[in-house]
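Below is one structure, written out as structure tokens; the observations come after it.
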Amino acid sequence: MSARPKRELGQHWLVDENILHVIGRLAKLGADDVVLEIGPGLGVLTAYLAERVRMIHAVELDRGLEPALRERLAGRDNVELVFGDALSLLGAAFDPPPGKLVSNLPYNVATPIVAESLAALPTVELWCVLVQREVADRFFATPGTKDYGAVSVVLQLATERTGFHPVARTCFRPPPNVDSALVAFRRTRPWDGELDAVRRLAQAAFAHRRKTLPNSLELAGLGRERALAALAELGRPANVRGEALAPDEFLRLAELLA
């Protein structure tokens, strides 16, 4: 295959087919599933999915991979190849709409794709994504840890983790310089205005991790005095930092600041 991975696009192609069966198990694939795959690369996962689900929408940024993809997927009429920037296409009207997002995500956009897909893809009920290990740890990190951040807050309010599987560097070409992991999670509540408010609040809270929460919110234009009053209502001191608040406390804080 003449196509070469581009590091600037975060491309690390899955070459260990044993991992495909782990993906299939964690994604709970069924014959009626419609799947969105972002970053199909050379189509190894795409071909595996095509044999097991009803329809795949595969979104690839790199036009240079089109010949290799079309060659591998020839004759599979349940695969729709879409070329473009996945982040700008998340709100597109995929037909039929996907119920699952199953991907070996490009490293450089994994976190924003997962975060944005919660709101932009309301029909998606289950995610199974292969990402850097540190990103996977961040998704469901606990308060007070270095991995805990805005994406942890939002993801834990909207979903619950259903599976986790470490993946060795040797499973990719080229081997990345970091460890990877498969993480699966399912939606537990629909995206709404309340979660939208929490996302904005969490982003402001973690934009300046070393600052106290009232100072961070003041820098975001949310008002220091309002923040102090809301924190007092929560039983939290004025010098608390965002990393100390649990996801449900961020939810309550957003309500108090509304």
Side-chain angles (χ1 to χ4, degrees), residues 3-14 27 33-46 49-50 53 55-70 72-73 78-132 135-136 138-139 149-155 157-159 176 180 183-185 187 190-193 195-204 206-207 220:
R4 294 180 180 276
K6 297 182 175 71
R7 287 189 181 271
E8 66 271 19
L9 296 181
Q11 293 174 343
H12 294 277
W13 294 331
L14 186 64
D33 284 341
V34 177
V35 172
L36 174 63
E37 183 191 7
I38 292 170
L42 297 179
V44 172
L45 175 57
T46 319
L49 293 170
V53 304
M55 179 76 188
I56 305 148
H57 305 288
V59 179
E60 176 56 58
L61 176 63
D62 188 355
R63 271 280 183 183
L65 296 179
E66 184 170 2
L69 271 171
R70 295 206 181 277
R72 181 181 287 272
L73 302 172
N78 62 338
V79 179
E80 178 195 26
L81 284 177
V82 180
F83 288 91
D85 179 1
L87 276 170
S88 65
L89 291 171
L90 283 179
F94 294 104
D95 184 25
K100 295 179 178 180
L101 193 158
V102 182
S103 301
N104 171 25
L105 289 175
Y107 282 176
N108 55 350
V109 291
T111 297
I113 282 175
V114 168
E116 293 299 322
S117 67
L118 293 169
L121 297 170
T123 60
V124 169
E125 294 291 333
L126 186 144
W127 289 254
C128 180
V129 292
L130 183 48
V131 295
Q132 289 183 53
V135 171
R138 202 176 300 145
F139 286 165
V151 70
S152 318
V153 172
V154 177
L155 209 56
L157 285 173
T159 74
S180 300
V183 59
F185 43 98
R187 193 186 294 273
W191 191 266
D192 54 20
L195 286 178
D196 224 21
V198 173
R199 177 169 61 179
R200 291 193 298 271
L201 179 63
Q203 287 171 341
F206 287 96

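Pairs of residues two or more places apart, or lying in two chains, that qualify as side chain to side chain donor-acceptor pair (under 3.5 Å) and include a residue from residues 113-122 are Ser117-Trp127.
Here the closest non-hydrogen pair linking Leu65 and Gly41 is CD1-O, 3.5 Å. Across all non-hydrogen atoms, the minimal contact from Leu130 to Ser180 is CD1-CB, 4.2 Å. The minimum heavy-atom distance linking Leu89 with Val59 is given by the pair CD1-CG1, 3.8 Å. Across all their heavy atoms, His57 and Asp95 have their closest contact at CE1-O, 3.3 Å. Nearest approach of Met55 to Pro96, heavy atoms of both residues: CG-CD, 4.1 Å. Counting all heavy atoms, side chain and backbone alike, Asp33 lies closest to Val53 at O-CB, 3.5 Å.
Partner of Leu73 under the side chain to side chain contact (heavy atoms under 4.5 Å, CB included) criterion, chosen from Asn78, Ile56, Val79: Val79. Under the side chain to side chain contact (heavy atoms under 4.5 Å, CB included) rule, Pro98 has a single partner from Val35, Leu126, Thr123, which is Thr123.
Judged purely by atom type and a 3.5 angstrom limit, Arg72 uses its side chain to pair as donor or acceptor with the backbone of Leu42. Looking at Ser103, its side chain never comes within 3.5 Å of a backbone N or O of Val129 through a donor-acceptor pair.
Rounding to the nearest 0.5 Å gives a distance of 4.5 Å between CD1 of Ile38 and CD1 of Ile113. Leu105 CG to Gln132 CD: the interatomic distance, rounded to the nearest 0.5 Å, is 11.0 Å. Interatomic distance, Leu69 CG to Asp62 CG, rounded to the nearest 0.5 Å: 9.0 Å.
Taking Glu80 as the reference, nothing meets the salt bridge (Lys or Arg N to Asp or Glu O under 4.0 Å) condition, with sequence neighbours excluded. Remark: Arg200 engages no residue in a side-chain hydrogen bond (donor to acceptor under 3.5 Å, both in side chains) (not counting sequence neighbours).
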Chi angles and distances behind the side chain to side chain contact (heavy atoms under 4.5 Å, CB included) call for Val153, Phe206: CA-CA 10 Å; Val153 172; Phe206 287 96; 4.1 Å; yes

Side chain to side chain contact (heavy atoms under 4.5 Å, CB included) between Leu36 and Val124: does it pass, once the steps are laid out? CA-CA 9 Å; Leu36 174 63; Val124 169; 5.6 Å; no

Could you go through Val154 and Leu195, starting from their C-alpha distance and side-chain angles, then the distance that decides it, and tell me whether this counts as side chain to side chain contact (heavy atoms under 4.5 Å, CB included)? CA-CA 7 Å; Val154 177; Leu195 286 178; 5.7 Å; no

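Between Leu81 and Glu66 there is no side-chain heavy-atom pair separated by less than 4.5 Å. Between Glu37 and Leu49, the closest side-chain pair of non-hydrogen atoms falls below 4.5 Å. Contact of the Val131 side chain with the Val114 side chain is not registered, since no non-hydrogen atoms from C-beta on lie closer than 4.5 Å. At least one side-chain heavy atom of Leu118 sits under 4.5 Å from a side-chain heavy atom of Thr159.
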